[in-house]
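Below is one structure; the comments refer to it alone.
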Amino acid sequence: MEACQKSYRSFVLVELAGHINKGPVICAEGFLFELERRGYLTAGEFVPEVALEHPEVLESLHRDFQRAGSDIVEAFTYNGHREKMRVIGKEELLEPLNRAALKIARKVADSKPGNLMAGNISNTNIWHPTDTNKQQEVRSMFEEMVGWAVEEGADIIIGETFYYAEEAYTALEVAKASGLPVIITLAPMASNQMQDGVSVVETCVELEKRGADVVGLNCFRGPQTMLPYLKEIRAAVSCHVAALPIPYRTNEKEPTFFNLSDHDSCTCPAPHGRAFPTALDPLYCNRYEIGQFAKDAYALGINYLGVCCGASPMLLRQMAEAVGITTEASRFSENMSNHFMYGSNERLPENIKALGDKA
């Protein structure tokens with residue numbers, strides 16, 4: 001059995017490395033925000049019950065991202081861990097939810113040759129740097145989720161959105177025991193370090209030493225405040241690096257979407273007193289900013305790219321096209337030459353085009 005595990009890991013690792021080595025790999029994330037926008041998930045709780053209640057919607061979203069260029073179909077089990085299910089009083093749905101999400105992801109990945117299906121584990125929000133009981137509880141949560149991912153045919157394991165270094169190391173250790181390739185991405189908060197006092201770059205270096213196949217950053221930070229760290233990480237590690245920002249305009253003063261403000265123009269602020277997570281709309285990056293981020297990251301030698309919370313298939317397509325990939329959805333990429341006021345098509349009336357500067 002162990003020999004078979006090693007053989008399969010080697011096979012998938014070669015396939016994953018082959019993808020990344022020959023050019024950028026695109027990975028869609030950010031299902032929480034997109035499904036909340038579509039009306040299938042509760043903001044605040046952000047639990048992926050959609051996998052059980054509306055599996056057809058989740059499958060459709062995966063296919064939309066797949067058409068937009070995603071090479072990896074990541075099972076939507078983010079926040080589908082035991083503690084979160086306890087918080088909403090539905091712990092009995094834990095395993096059915098995980099298996100449903102994994103089966104949907106496997107189905108979608110199998111529909112397109114070359115796609116990989118990823119099992120997913122993430123920040124548990126109960127990690128404590130000195131409480132060994134909490135640490136063991138987190139380990140147990142990771143073990144059951146990774147176990148279900150393996151049983152449902154995952155090709156790789158993605159551990160994401162860790163803001164404690166030790167929790168990321170624990171996730172890596174559990175995921176590696178599966179025998180599958182492992183991708184670990186961090187999400188540093190506004191302190192600009194991991195919450196146990198370790199630097200972001202040092203954590204990535206340590207993750208590589210401990211056997212992560214890809215390390216990097218996801219979520220919390222937009223293009224402006226993620227890219228500087230990516231430069232340092234790319235220079236510090238020899239493995240592949242992942243970059244999956246949020247599509248919001250974070251800045252040096254407000255480095256994560258948790259502390260983004262909209263005081264200057266907002267006339268009706270959120271009742272909970274902050275823009276995150278339900279009043280971020282005016283702070284959204286446009287597609288060209290996301291495309292530029294992809295170009296900049298790819299120029300650094302970062303070949304694993306995606307968009308996290310706030311992502312849409314359109315933004316993922318923009319990212320893919322920015323690094324030279326033509327996707328199925330590129331059939332519908334913008335063509336402003338036929339716009340009724342701003343186009344250049346010879347059939348467009350001059351008197352209507354002249355309205356462009358007045359409209």
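The structure presented is a predicted model; accordingly, all values stated were derived computationally and were not measured. Note: hydrogens, waters and symmetry copies are ignored here, and every other heavy atom, side chains too, is used.
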**Asked** Looking only at heavy atoms, what is the nearest atom pair of Y284 and L315, with distance?
**Response** OH-CD1, 3.2 Å
**Item:** Nearest heavy-atom neighbours spanning A270 and T278
**Value:** CB-OG1, 4.3 Å
**Complete:** What one should report as the nearest heavy-atom pair of A68 and A329 is CA-CB, 4.0 Å
**Message:** Do D296 and L300 have side chains that approach each other closer than 4.5 Å (heavy atoms only, starting at C-beta)?
**Reply:** no
**Asked** Taking C-beta and beyond as the side chain, do L186 and Y163 meet within less than 4.5 Å on heavy atoms?
**Response** no
**Message:** For a quick test of reading the model, state the closest non-hydrogen atom pair linking P24 to L305 and the distance between them.
**Reply:** CB-CD1, 4.2 Å
**Test item: side-chain donor near acceptor, E36 and T42, under 3.5 Å** = no
**Item:** Salt bridge E152-R99, side-chain N to carboxylate O under 4.0 Å
**Value:** yes
**Asked** Between R86 and E137, does at least one N-O distance fall below 4.0 Å, as a salt bridge requires?
**Response** yes
**Complete:** One should read off an interatomic distance between S312 OG and Q318 CD, to the nearest 0.5 angstrom, of 10.0 Å
**Message:** Assess the residue pair N79 and M85 against the criterion (side-chain contact (heavy atoms from CB on, under 4.5 Å)); give the C-alpha distance rounded to whole Å, side-chain angles, the decisive distance to 0.1 Å, and a yes or no.
**Reply:** CA-CA 8 Å; N79 271 355; M85 300 305 288; over 6 Å; no
**Request:** State whether the side chain of N303 and the backbone N or O of H240 hold a donor-acceptor pair below 3.5 Å, judged by distance alone.
**Result:** no
**Message:** Please report the interatomic distance CZ(F293) to CE(M319), rounded to the nearest 0.5 Å.
**Reply:** 5.5 Å
**Main-chain N/O of M117 paired to D155 side chain as donor or acceptor, under 3.5 Å** = yes
**Prompt:** Out of curiosity, does M336 fall in the hydrophobic cluster containing L355 (side-chain heavy atoms, cut-off under 4.5 Å, transitive links)?
**Reply:** yes
**Request:** Could you pull out the closest heavy-atom pair between A243 and I302, with the gap in Å?
**Result:** CB-CG2, 3.9 Å
**Prompt:** If you take all heavy atoms of A154 and L180, which pair is closest and at what distance?
**Reply:** O-CD1, 3.4 Å
**Request:** Could you walk me through whether T130 and H128 pass the side-chain contact (heavy atoms from CB on, under 4.5 Å) test, one step at a time?
**Result:** CA-CA 6 Å; T130 60; H128 194 285; 2.9 Å; yes
**Fill in**
With T225 as partner, the option from T250, T256, N192, N251 fulfilling side chain to side chain donor-acceptor pair (under 3.5 Å) is T250
**Asked** When you measure from the side chain of D213 to the backbone N and O of V182, does any donor-acceptor pair fall under 3.5 Å?
**Response** yes
**Asked** Just checking, is any N or O donor in the side chain of S261 or E254 under 3.5 Å from an acceptor N or O on the other one?
**Response** yes
**Request:** Would you please indicate if the ring centroids of F46 and Y78 are separated by under 6.0 Å?
**Result:** no
**Asked** With a 3.5 Å cut-off and no angle check, do the side chains of Q195 and S191 form a donor-acceptor pair?
**Response** yes
**Request:** To the nearest 0.5 angstrom, please state how far the CD1 atom of I121 sits from the CG atom of N98.
**Result:** 11.0 Å
**Fill in**
To the nearest 0.5 Å, atom OH of Y229 lies from atom OG of S199 at 8.5 Å
**CG (D357) with more than 12 external heavy atoms under 6.0 Å** = no
**Item:** Test item: side-chain donor near acceptor, S238 and E208, under 3.5 Å
**Value:** yes
**Asked** Do I157 and P181 come close enough that some side-chain heavy atom pair is under 4.5 Å?
**Response** no
**Prompt:** Within the distance-only criterion (no hydrogens, no angle test), does the side chain of Q135 pair as donor or acceptor with the backbone N or O of P129 below 3.5 angstrom?
**Reply:** yes
**Prompt:** CD1/I104 to CZ/R63 distance, rounded to the nearest 0.5 angstrom?
**Reply:** 10.5 Å
**Request:** Spell out, yes or no, whether F332 and M314 are grouped together once hydrophobic residues are joined by side-chain heavy atoms under 4.5 Å, including indirect joins.
**Result:** no
**Request:** Could you tell me the separation between the OG1 atom of T203 and the CD atom of Q193, rounded to the nearest 0.5 Å?
**Result:** 9.5 Å
**Prompt:** Can any side-chain N or O of R221 pair as donor or acceptor with the backbone N or O of P188 at less than 3.5 Å?
**Reply:** yes
**Prompt:** Does some side-chain heavy atom of L244 sit less than 4.5 Å from a side-chain heavy atom of C219?
**Reply:** no
**Asked** Does any non-hydrogen side-chain atom of T185 lie less than 4.5 Å from one of L217?
**Response** no
**Asked** Does the ring center of Y248 lie less than 6.0 Å from the ring center of F276?
**Response** no
**Side chain proximity check, T132 to Q136, heavy atoms < 4.5 angstrom** = no
**Message:** Closer than 3.5 angstrom, by distance alone: can the side chain of R274 be matched with the main-chain N or O of F258 as a donor-acceptor pair?
**Reply:** yes
**Request:** Indicate yes or no: does K84 engage E45 in a salt bridge with an N to O separation below 4.0 Å.
**Result:** no
**Asked** Do the ring centers of H62 and F76 come within less than 6.0 Å of each other?
**Response** no
**Prompt:** Has K107 got more than 12 heavy atoms of other residues, nucleotides or ligands less than 6.0 Å from its NZ?
**Reply:** no
**Request:** Check step by step if side-chain hydrogen bond (donor to acceptor under 3.5 Å, both in side chains) holds for N115 and Q66.
**Result:** CA-CA 9 Å; N115 269 200; Q66 186 183 58; 2.9 Å; yes
**Asked** Does the ring center of H54 lie less than 6.0 Å from the ring center of Y40?
**Response** yes
**Message:** I'd like to know whether CD of E334 has more than 12 heavy-atom contacts from other residues, nucleotides or ligands below 6.0 angstrom.
**Reply:** yes
**Message:** Would I325 and V323 count as a side-chain contact (heavy atoms from CB on, under 4.5 Å) here? Give the steps.
**Reply:** CA-CA 6 Å; I325 299 171; V323 293; 4.1 Å; yes
**Asked** Under 3.5 Å, is there a donor-acceptor pair between the side chain of T327 and the main chain of S330?
**Response** yes
**Request:** Side-chain contact test, heavy atoms from C-beta onward, threshold under 4.5 Å: evaluate it for R249 versus N286 and give yes or no.
**Result:** yes
**Message:** Any side-chain to backbone donor/acceptor pair from N218 onto E160? Under 3.5 Å, distance only.
**Reply:** no
**Any donor-acceptor N/O pair, D196 side chain to A165 backbone, under 3.5 Å** = yes
**Message:** Main chain of E166, side chain of T170: is a donor-acceptor contact present, judged purely on distance under 3.5 Å?
**Reply:** yes
**Prompt:** Taking C-beta and beyond as the side chain, do P223 and E289 meet within less than 4.5 Å on heavy atoms?
**Reply:** no
**Residues V214, I184; criterion side-chain contact (heavy atoms from CB on, under 4.5 Å); working and verdict** = CA-CA 6 Å; V214 181; I184 300 287; over 6 Å; no
**Request:** May I ask whether M341 and L348 are part of the same hydrophobic cluster, defined by side-chain heavy atoms of I, L, V, M, F, W, Y residues being less than 4.5 angstrom apart, directly or through others?
**Result:** no
**Message:** For the residue pair R210 and Y169, would you count it as a cation-pi contact if the rule is NZ or CZ under 6.0 angstrom from the ring centre and within 45 degrees of the ring axis?
**Reply:** yes
**Request:** I would like to know whether D110 and K103 meet salt bridge (Lys or Arg N to Asp or Glu O under 4.0 Å); could you show each step before the answer?
**Result:** CA-CA 11 Å; D110 286 343; K103 289 179 188 295; over 6 Å; no
